[in-house]
Colleague: 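Right, I'll just put the structure down here and ask away after.
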Amino acid sequence: MHGQALPKSDLISRPWEYEAVYRRGKRVRGNNCSLICLPTDRENNRLGISIHGIKKAVKRNRIKRIIREFYRLNRAALPAATDMVFTVREGFSPNSPEEVKQAIFTLLKKIGSPSPSR
RNA sequence: AGGAGUGGGCGCAUGGUCGCUGUCCGCCUUCGGGCGGGCAGAGGAAAGUCCGAACACCGCAGGGCAAGGUGGUUCGUAACACGAACUGGGGGCAACCCUAAGGAAAGUGCCACAGAAAAUAUACCGCCGGGCAACCGGUAAGGGUGAAAAGGCGAGGUAAGAGCUCACCGCCUUCAUGGUGACAUGGAGGGCAUGGCAAACCCCACCUGGUGCAAGACCAAAUAGGGAAACGUUUGAGGGCGGCUCGUCCGAGGUUUCCGGGUAGGUUGCUAGAGGCGCCGGGCGACCGGCGUCCCAGUUAAAUGAUCAUGGCCCGCUUCGGCGGGUACAGAAUUCGGCUUAUAGCCCACUCCUUUUU
RNA sequence: GGCCCCAUCGUCUAGUGGCCUAGGACACUGGCCUCUCACGCCGGUAACAGGGGUUCGAGUCCCCUUGGGGUCA
């Protein structure tokens, strides 16, 4: 264990789980992307990615992989015990995990202190 | 040297660190899985879904109709709308390229405007003959219209003209030869009859049952409902008619157990195949046969990634030490055979044209 | 992933291969009317998704591409 592994069980993969996050989560909007967080009972945090409006499969997969890579490297810095869904719209095209890191950290500043308000 | 044509091929490489998916081996296990190691992990188009098949389920005695598709010939192929070779037509100086290319004397329909007339024919300006003229007769050479005008061109002929006659070309009929065939070549005859459009209806020949891996098969929560049995119930729960009592009709809820269908979810179908590579043989070729050898993704809110270094290739700057930038199109989803479309930068082979030199 | 459908002015739509230089309504805009606005009247701008082919001639027929939309759990 190196603390940087990302197995598939830590990804949100069921439609109703996405529905729950969309319905009851807290949403922060950014430039062509937004972050929705929902506190849960489990110990670690989980990630979901939703991409809309990007038609070429190569670009879509690349955005997904870069976001996942960012999440793998910076997981400890993110609030624990939450399901977070990263939503991407047309026009958002990062080239490296650093850009995603900046974008997400500005969103987290918008949320404020990672308050575990239930 | 420059320009052009055809066919084929490549489409970044290597290593370190951190990750993802599958599989094999070993160990641990609370039997859910976890850890360590080995191996494998996007394409020439994976794309568009335009055709053809395999496979699966449903339907089906046989035949016909309808609907749709294909359309030179002969081969190739599991099959095709694909490919090869050849034929006809068109384009190009040429290499070579393009070609839905059967039938218009089976029928129906359309051919705007213009024009006399758009297909049974007919005669506007004309030409010629007759006639004082009105007009009558003969013509279709010429003009004009149009995308297209009833063979073309030349000569003879004539009142003027006309396949009326003749030569050449085209067309039709027929014969011979060559070819598996499309067709080609040649001879004889006819004397012009047969305008175009079938990616208009149609006729002819051939082909096609429908749905598609979200096909189909198996396991199977929760909730609702179905069936069966037992207990319970005729001392009648509940409901309908009726304003209500009475009445009358329908009638077994309820509890327990079992069964079958089946949703979420899971497993399977799921990758060894009309397979790749090499050699030999057959064929002009597409392709086929034989032998040897190899195992080469299998995901499911979607794995194949991030970063660092070194080196290729291209472009720009250069103080010739280097520096900076770029490295296309694009991501498997049941599997194959084609077609079409996108594609930076290259490589190889053959061929043609122009110019120069020998 | 499979299977289908559609595309005409800014918007909603007509349009038997030739009367199409593509019609109508709303919108926009110029003028008239009015003290001004509205209404009304007279005009104007503005479109066949792109590329090939068939045809004398294509918005219409055929093929390819592009962009939308539907459906199957």
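The sequence lines fix the lettering, A, B, ..., with proteins before strands; numbering per chain opens at 1.
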Colleague: Measuring to OP1 and OP2 of B:U304, would you say a side-chain N or O of A:Arg68 lies under 4.0 angstrom away?
Modeller: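 Yes, such a contact exists.
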Colleague: Sticking with atom C1', work out how far C:A27 lies from C:G51, rounded to a whole angstrom.
Modeller: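 After rounding to an integer number of Å, I get 33 Å for this pair.
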Colleague: Are A:Leu78 and A:Ile49 connected, step by step, through hydrophobic side chains (Ile, Leu, Val, Met, Phe, Trp, Tyr) whose heavy atoms are closer than 4.5 Å?
Modeller: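 Yes, it is one cluster - the side chains of A:Leu78 and A:Ile49 are joined through contacts under 4.5 Å.
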Colleague: Does OP1 or OP2 of B:A302 have a side-chain N or O of A:Lys64 closer than 4.0 Å?
Modeller: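 Yes, A:Lys64 has a side-chain N/O under 4.0 Å of OP1/OP2 on B:A302.
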Colleague: Taking all non-hydrogen atoms of both residues into account, name the closest pair between A:Ile54 and A:Lys59 and its distance.
Modeller: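 Looking at all heavy atoms of both residues, the closest pair is CG2-CB, 4.0 Å.
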Colleague: For B:C82 and B:A94, measure between their C1' atoms and round to the nearest Å.
Modeller: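 31 Å, rounded to whole Å.
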Colleague: Polar-atom pairs under 3.5 Å, protein N or O versus N or O of nucleotides 64-69 of chain C: list them with distances, or write none.
Modeller:
| from | atom 1 | to | atom 2 | distance (Å) |
| --- | --- | --- | --- | --- |
| C:G68 | OP1 | A:Lys55 | NZ | 2.3 |
| C:G68 | OP2 | A:Lys55 | NZ | 3.3 |

Colleague: Taking only side-chain N and O atoms of A:Arg62, does any of them lie within less than 4.0 angstrom of OP1 or OP2 on B:G331?
Modeller: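 No.
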Colleague: Given that A:Trp16 and A:Leu11 both sit by RNA chain B, which one's nearest nucleotide is further toward the 5' end?
Modeller: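 Per heavy-atom nearest nucleotide, the more 5' residue is A:Trp16.
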Colleague: Are OP1 or OP2 of B:G266 and a side-chain N or O of A:Arg14 less than 4.0 angstrom apart?
Modeller: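 Checking B:G266 against A:Arg14, a side-chain N or O does come within under 4.0 Å of OP1 or OP2.
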Colleague: Can you check whether A:Arg72 has a side-chain N or O nearer than 4.0 Å to OP1 or OP2 of B:A306?
Modeller: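 No, A:Arg72 has no side-chain N/O under 4.0 Å of OP1/OP2 on B:A306.
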Colleague: For the pair made of NZ in A:Lys56 and P in B:A332, what is the distance, rounded to whole Å?
Modeller: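 For the pair A:Lys56 NZ and B:A332 P, the rounded distance is 12 Å.
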Colleague: Who is the Watson-Crick or G-U wobble partner of B:A46, with both distances under 3.5 Å?
Modeller: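 Its partner is none (no Watson-Crick or G-U wobble pair with both distances under 3.5 Å).
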Colleague: State the pairing partner of B:G278; accept Watson-Crick or G-U wobble contacts with both distances under 3.5 Å, and report none otherwise.
Modeller: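 With both distances under 3.5 Å, B:G278 matches B:C291.
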Colleague: In whole Å, I'd like the distance from the CG atom of A:Leu73 to the P atom of B:U17.
Modeller: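 For the pair A:Leu73 CG and B:U17 P, the rounded distance is 17 Å.
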Colleague: At less than 4.0 Å, is any side-chain N or O atom of A:Lys8 found next to OP1 or OP2 of B:U300? Yes or no.
Modeller: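 The answer is yes; a side-chain N or O of A:Lys8 sits under 4.0 Å from OP1 or OP2.
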Colleague: Whole angstroms only, please: what is the OH-C1' distance between A:Tyr71 and B:G19?
Modeller: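 Rounded to whole Å, this separation is 14 Å.
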Colleague: Does B:C350 have a Watson-Crick or wobble mate here (both distances under 3.5 Å), and if so which one?
Modeller: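 Per the H-bond distance test, B:G5.
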Colleague: When the C1' atoms of B:A47 and B:C329 are compared, how many Å lie between them, rounded to an integer?
Modeller: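 Comparing C1' positions in B:C329 and B:A47 gives a spacing of 10 Å.
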